[in-house]
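Report on one structure; see the data block that follows.
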Amino acid sequence: MKTKQNTYQQCTLSVMDTIADPDISFDEKGICNYYYEYKKAAEQKLYNDPEEGRKALEKIVEKIKEAGKGKPYDCIMGLSGGVDSSYVALLAHEYGLRPLAVHFDNGWNSELAVKNIENIVNKLGFDLHTLVVDWKEFVDLQMAYLKASVVDIEVPTDHAITGTIARLCKKFNIKYSLSGTNIVTEYTMPPSWIFNKSDHINLVAIHKKFGKIPLKTYPLFSSYLKRYLKFKLGAESIQIINYVPYNKEKVKERITKELGWKDYGGKHFESLFTKFYQAYILPKKFGIDKRKAHLSTLIFSDQITKEKALGELNKPFYPEADFVHDYDFVLKKLNLKDSEFREIMALPRRSHFDFPVELSIYKRYPVLRPIGRLINNLR
């Protein structure tokens, strides 16, 4: 694999390029590093034989059911109303699992997302736990991230979902969580585009620097909860979609037919803030078009052609009518004047590592490293 390029170059297989990621590298055929990373992950975690994948999943399901005996739930799952989480819910029902569905209402849900969630839990008979965040706290945290000028402004939402699930795992003694994270539709993602969603140290530091309202009710995924899940519960996250064939368009057809699911027009656009973040803030402020990564993964998994992906990129990321409406709506919810938002957008990008970050307990306390090695050897 060659080093990163100084001039513009696009992968010969995908739509990833040097504009999307200046750190991208190519081989002598012009194929980017993301293709080889995808292939390696697919070879390690996916099943070429659907029957083999089904049998492996059935063994995991047996463990989940055994661990859940005598409990109200045998597993837990996040439910956003998007494609991946909706499919996870359908698979959980198909395999006879009893999950507690969890939704984090951060005040930005689209009407379609709310309707999708209602349809899913009603049709599948699942219990739903919805955490409605304290709006003043949450918007203050979001504003802190905007003022910090870091790239991953979605951390407050994703961290809160993880923290909420952790608390419910502790409350109901649930060991297993079902995740919609999967290889064939979302594996490709440049490291410079995202940050560790579970890093509570970084979150608290950013809020301390730029926030104003104390986070009294925000579900922080604390060190205590992390230790509890790891050492007390032995918690495991199951990426259930990796065990079954996953063609996104076919799955959309299935959840539409069986769950009354409706499309919202973009990956993770079930949240109005996420839509505004991905379709405007990221490309405008940071020069990041996440469609390139999402479409490239679909190319790697043979779900679309490069020609079709290029056609998608030629379409407006943010239709003008939607943008005009959403721009005014978002600024009003954030209580921002247009001039204030423009000042935030003009701030230079800062690294998350400009603020304190979470270190493992073994890095913080070197004396514990032999114990860590012993624990790893016993696994």
Heavy-atom side-chain proximity of Ile288 to Lys290 below 4.5 angstrom | yes
Just wondering, do Val155 and Leu203 contact through their side chains at under 4.5 Å, heavy atoms?
-> yes
More than 12 heavy atoms from other groups under 6.0 Å of NZ on Lys115 | no
Quick one: OG1 on Thr162 to NZ on Lys197, what's the gap to the nearest 0.5 Å?
-> 9.5 Å
Phe317 and Tyr280: CA distance, side-chain angles, deciding distance, ring pair (Phe, Tyr, Trp, His ring centres under 6.0 Å) verdict = CA-CA 8 Å; Phe317 201 166; Tyr280 182 70; over 10 Å; no
Output yes when Lys308 and Glu312 qualify as a salt bridge under the 4.0 Å nitrogen-oxygen rule, no when they do not.
-> no
Is it true that Arg291 and Asp289 make a salt bridge, defined as a side-chain N closer than 4.0 Å to a carboxylate O?
-> yes
Are the side chain of Asn202 and the backbone of His352 linked by a donor-acceptor contact shorter than 3.5 Å?
-> yes
Check: Gly30 main-chain N/O paired with Gln9 side-chain donor or acceptor under 3.5 Å | no
State, with a plain yes or no, whether a side-chain heavy atom of Ile76 is found less than 4.5 Å away from one of Leu178.
-> no
Does a donor on one side chain and an acceptor on the other come within less than 3.5 Å for Lys306 and Gln10?
-> yes
Apply the test side-chain contact (heavy atoms from CB on, under 4.5 Å) to residues Val139 and Lys333: give CA-CA distance (whole Å), side-chain angles for both, the deciding distance (0.1 Å), then the verdict.
-> CA-CA 8 Å; Val139 75; Lys333 287 208 70 168; over 6 Å; no
Check: Glu258 side chain, Ile255 main-chain N or O, donor-acceptor pair, under 3.5 Å = no
Ignoring hydrogens and geometry, is there a side-chain-to-backbone donor-acceptor pair from Glu236 to Ser177 under 3.5 Å?
-> no
Looking at Ile60 and Tyr243, what are the two nearest heavy atoms and their distance?
-> CD1-OH, 3.0 Å
Electrostatic pair Lys332:Asp328 at N-O distance under 4.0 angstrom | no
Apply salt bridge (Lys or Arg N to Asp or Glu O under 4.0 Å) to Lys216 and Asp134, showing your working.
-> CA-CA 9 Å; Lys216 294 181 178 180; Asp134 181 294; over 6 Å; no
Check whether any side-chain heavy atom of Asp27 sits under 4.5 Å from a side-chain heavy atom of Tyr36, and report yes or no.
-> yes
Output yes when Lys292 and Asp21 qualify as a salt bridge under the 4.0 Å nitrogen-oxygen rule, no when they do not.
-> no
Would you check, one step at a time, whether the test side-chain contact (heavy atoms from CB on, under 4.5 Å) holds for Asp84 with Thr185?
-> CA-CA 9 Å; Asp84 298 337; Thr185 70; 4.1 Å; yes
Mind checking whether Phe355 and Phe210 have parallel, tilted or perpendicular rings, split at 30° and 60°?
-> perpendicular
Say you draw a straight line from CD of Glu62 to OH of Tyr95; how long is it, rounded to the nearest 0.5 Å?
-> 11.5 Å
Which word best sums up how the rings of Tyr277 and Phe273 line up, parallel for under 30°, tilted for 30 to 60°, or perpendicular for over 60°?
-> parallel
Run the salt-bridge test on Glu343 and Lys285 with the 4.0 Å N-O cut-off and return the result as yes or no.
-> no
Candidate pair Tyr34 and Tyr187, rule ring pair (Phe, Tyr, Trp, His ring centres under 6.0 Å), full reasoning = CA-CA 9 Å; Tyr34 292 108; Tyr187 185 79; 9.0 Å; no
Using 4.0 Å as the upper bound for N to carboxylate O, is an ion pair formed by Arg98 and Asp127?
-> no
Is there a donor-acceptor contact under 3.5 Å from the side chain of Asn314 to the main chain of Leu310?
-> yes
Taking the six-membered ring of Phe221, is the NZ or CZ of Lys226 close enough (under 6.0 Å from the centre) and on axis enough (within 45°)?
-> yes
In terms of heavy-atom contacts, Ala293 and Met189 come closest through CB-CE, 4.3 Å
May I ask you to check whether over 12 heavy atoms, not counting those of Glu111, lie within 6.0 Å of atom CD?
-> no
Considering all heavy atoms of both residues, which atom of Phe104 and which atom of Ala160 are nearest to each other, and what is their separation?
-> CZ-CB, 3.4 Å
From CA spacing to verdict: side chain to side chain donor-acceptor pair (under 3.5 Å), Asn106, Thr157 | CA-CA 7 Å; Asn106 63 3; Thr157 293; 2.9 Å; yes
Evaluate the side-chain contact (heavy atoms from CB on, under 4.5 Å) criterion for residues Val83 and Ser86: first the C-alpha distance (whole Å), next the side-chain angles of each, then the deciding distance (0.1 Å), finally the verdict.
-> CA-CA 5 Å; Val83 180; Ser86 299; 6.0 Å; no
For the side chain of Asn33 and the backbone of Ser25, is there at least one donor-acceptor N/O pair under 3.5 Å apart?
-> yes
Answer whether the closest heavy-atom distance between the side chains of Ile281 and Ile153 falls below 4.5 Å.
-> yes
More than 12 heavy atoms of other groups within 6.0 Å of Lys71 NZ = yes
Residue pair Thr217 / Phe138, side-chain heavy-atom distance below 4.5 Å = no
Closest non-hydrogen atom pair between Asp322 and Lys275, with its separation = OD2-NZ, 3.4 Å
Check step by step if salt bridge (Lys or Arg N to Asp or Glu O under 4.0 Å) holds for Lys39 and Glu43.
-> CA-CA 6 Å; Lys39 294 296 288 185; Glu43 289 172 0; 5.5 Å; no
Kindly determine whether Asp338 and Tyr327 satisfy side chain to side chain donor-acceptor pair (under 3.5 Å), including the steps that lead there.
-> CA-CA 9 Å; Asp338 179 72; Tyr327 186 90; 2.5 Å; yes
Donor + acceptor pair across side chains of His159, Ser198 (<3.5 Å) | no
Quick check: does any side chain N or O of Trp261 sit under 3.5 Å from a backbone N or O of Gly81, one acting as donor and the other as acceptor?
-> yes
What do you reckon, is CG of Asn48 surrounded by more than 12 foreign heavy atoms closer than 6.0 Å?
-> no
Where do Asn247 and Lys252 land on the side-chain contact (heavy atoms from CB on, under 4.5 Å) test, with the steps shown first?
-> CA-CA 9 Å; Asn247 180 284; Lys252 282 184 178 181; over 6 Å; no
Which atom of Asp105 lies closest to which atom of Gly107, heavy atoms considered = OD1-N, 3.0 Å
Can you find a heavy atom in the side chain of Asn116 that is under 4.5 Å from one in the side chain of Lys262?
-> yes
Parallel, tilted or perpendicular: which describes the rings of Tyr318 and Phe276, with under 30° parallel and over 60° perpendicular?
-> perpendicular
Kindly work out whether a path of hydrophobic side-chain contacts (I/L/V/M/F/W/Y, heavy atoms less than 4.5 Å apart) joins Met77 to Leu225.
-> no
Does Val184 offer a backbone N or O that forms a donor-acceptor pair with the side chain of Ser301 under 3.5 Å?
-> yes
Ile240 side chain near Leu57 side chain, heavy-atom distance below 4.5 Å = yes
Backbone of Glu118 reached by a side-chain donor or acceptor of Asn122 within 3.5 Å = yes
d(Leu298 CG, Ile304 CD1) to nearest 0.5 Å is 5.0 Å
Where is the tightest heavy-atom contact between Leu259 and Ile120, given as atom of each residue plus distance?
-> CD1-CG1, 4.0 Å
Verify, without hydrogens or angle tests, whether Asp74 (side chain) and Ile64 (backbone) share a donor-acceptor contact under 3.5 angstrom.
-> no
Aromatic rings Phe329 and His325: how do their planes relate, parallel, tilted or perpendicular, breaks at 30° and 60°?
-> parallel
